[in-house]
Amino acid sequence: MSKKIMILPGDGIGPEIVTQAQRVLDAVNEKFSLNLSFVEELIGGASIDKHGEPLTDAAVENARSCDAILLGAVGGPKWDTIDRAIRPERGLLKIRSQLGLYANLRPALLYPQLVEASSLKPEVVSGLDILIVRELTGGIYFGEPRGIRTLDNGEREGFNTYKYSESEIERIGRTAFEMARKRGKKVCSVDKANVLEATILWREVMDRLAPEYPDVELSHMYVDNAAMQLVRAPKQFDVMVTGNMFGDILSDAAAMLTGSIGMLPSASLNQSGQGMYEPCHGSAPDIAGQGIANPLATILSASMMLRYSLGMNEAADAIEKAVGKVLDQGLRTADIATGGTTKVSTSAMGDAVLAAL
Ligand code: IPM
Ligand code: MG
C-alpha cells in the first residue's frame, strides 16, 4: 500500500535541510521498498510571495489527504513587517490547528558523541533523555479574544487570552501518561497554578487522570522552577507535559542541553495518528543559503515520521543508526563542532548519512 507524504520546505534554511531529509527518505524508500510517494506545497513566506497568504486552503486540503507531513521551517526578516494576520508563522499555526495536531512530542536526547557540544557540564547532561509533550492547538496561541485595541485615552493595548478546557487538558494529559508508560514512567506536569486559573484547572485535571495510570508517577512543577531545574539537574525529568506557550519556551531550553537545537526533531500528532514532523529549530535566516545548517534535526524528524505515522520501524532504526555512525566518524556541522571534529556543510552531512545507510 502506497503512503503519501507531503513536503513543506518553507523558508530560510528550510529548503536546504528538507532537501537532505528528502534524499534520506528516497534512499530508505528504495532500500526497504516502502512505496512512499511525495507531494510538495508552499508554506510561510514562500507561500505569501506566491499566493499572498502563508498557507492556502488548497494546501491544507492536500495535507489532509496525506499520511504524514514533513516540514522545514517558516519565517524570516523579509516578512517581519507584513500585516500580522498573514505572517509566515500563521501558516504553521493554521496547519497545526486545521489538522488538529494537538500533541507535540519534542524529545531532548543527548547523543553521547555530542556531550562536549552542550553548554552544560558533561556530568549534568550525559545520558539525558527527556520527552517534552507540548499542547499545540490551544492555550494562549489560539485563545480568543486577542488583538491590539485603542483605549479611551488613545493608548493602544495588546491582549491575548489564555484558556484551556478540561477536554483539551485531558487529551494531552493522556498522551503524556501513555508516552511515560513506554519510557521512564514519570510525568512532570508544568504549570503556573500559583497565579493562573487556566493552569489551576490544568493541575486539577492532571491529578484526576493520575489514578488511571497507577504505574506512572505524576509530579507538578511551576514553570519558572521547571526552567531552572532544566539547566540545574535536567536528568530528573522523564516526560514533561505542559501547555502551548510554556512548551515552546521549555523545549528550546531543553534543546540546548543536547548541544544544539539543530539536533532536535519533533512530531505533532492528531487523534487519528496522522502527524506533521519538523525540526524544533526555526528558519535561521542569519545562516540561510550558506550551506552550513545542520540537517540532522530534519533527518531525525523524517525517521520519527516513519516510526510514528507510518509504522516503518525498520527504516526509522536504520536512519537513527546512520546518524549515530556519522557522529561517531566525527563529522559535525558548525553548530555542533568542537575541538577534534571535522566541520562539514549541510550537503556533506547529508552525503555522510546516505553513505552510512
Ligand atoms: C516552534 C516555533 C513556532 C511556535 C513559531 C515559529 C510559531 O517556535 O515550533 O516552537 O511558537 O510554536
Ligand atoms: Mg519555538
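Atoms within a ligand are numbered from 1 in the order they appear, just like the ligands themselves.
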Would you give me the side-chain donor-acceptor pairs under 3.5 Å for residues 118-127, sequence neighbours excluded?
residue: Ser118; atom: OG; partner: Leu120; partner atom: N; Å: 3.1
residue: Ser118; atom: OG; partner: Leu257; partner atom: O; Å: 2.8
residue: Ser126; atom: OG; partner: Pro122; partner atom: O; Å: 3.4

Quick one: ring-ring contact (aromatic ring centres under 6.0 Å, His included) partners of Tyr111, sequence neighbours excluded?
none
Should the proximity of Arg96 to ligand 1, defined as any heavy atom under 4.0 Å, be assigned to the side chain, the backbone, both, or neither?
side chain
Assess, by modelled atom type and distance only, whether the side chains of Glu197 and Thr199 contain a donor and an acceptor separated by less than 3.5 Å.
no
So, regarding Glu89 and ligand 1 (criterion: nitrogen or oxygen to nitrogen or oxygen, under 3.5 Å), is there a contact or not?
no
Is Val353 reachable from Ile336 through a run of hydrophobic residues whose side-chain heavy atoms are each under 4.5 Å from the next?
yes
With heavy atoms of Tyr141 as the reference, note each atom of ligand 1 found under 4.0 Å away.
4 (C), 11 (O), 12 (O)
Applying a heavy-atom cut-off of 4.0 Å, say which part of Arg106 lies close to ligand 1: side chain, backbone, both or neither.
side chain
Residue part near ligand 1, for Arg90, under 4.0 Å between non-hydrogen atoms:
neither
Run the side-chain donor-acceptor check on residues 6-16: report pairs under 3.5 Å with partners two or more places apart or on a different chain.
residue: Asp11; atom: OD1; partner: Gly45; partner atom: N; Å: 3.2
residue: Asp11; atom: OD1; partner: Ala46; partner atom: N; Å: 2.8
residue: Asp11; atom: OD2; partner: Gly45; partner atom: N; Å: 2.7
residue: Asp11; atom: OD2; partner: Gly75; partner atom: N; Å: 2.8
residue: Glu16; atom: OE1; partner: Gly291; partner atom: N; Å: 3.4
residue: Glu16; atom: OE2; partner: Gly289; partner atom: N; Å: 2.5

When you check the side-chain N and O atoms of Ser251 and Arg106, is any donor under 3.5 Å from an acceptor?
yes
Before giving the answer on side chain to side chain contact (heavy atoms under 4.5 Å, CB included), spell out for Asp224 and Lys192 the whole-Å C-alpha distance, their side-chain angles and the decisive distance to 0.1 Å.
CA-CA 8 Å; Asp224 47 351; Lys192 189 72 187 173; 3.3 Å; yes
How about the Mg ion (ligand 2), which protein N, O or S atoms come within less than 2.8 Å?
Asp248 OD1
Give a yes or no on whether a salt bridge exists between Arg332 and Glu116, defined as a side-chain N under 4.0 angstrom from a carboxylate O.
no
Report the nearest protein non-hydrogen atom to atom 8 (O) of ligand 1: residue, atom name, distance rounded to 0.1 Å.
Asp248 OD1, 3.2 Å
Six-ring centre of Phe159, Arg149 cation under 6.0 angstrom, axis tolerance 45°:
yes
Atom indices of ligand 1, in the order listed, that fall short of 4.0 Å to a heavy atom of Arg134
1 (C), 4 (C), 9 (O), 10 (O), 11 (O), 12 (O)
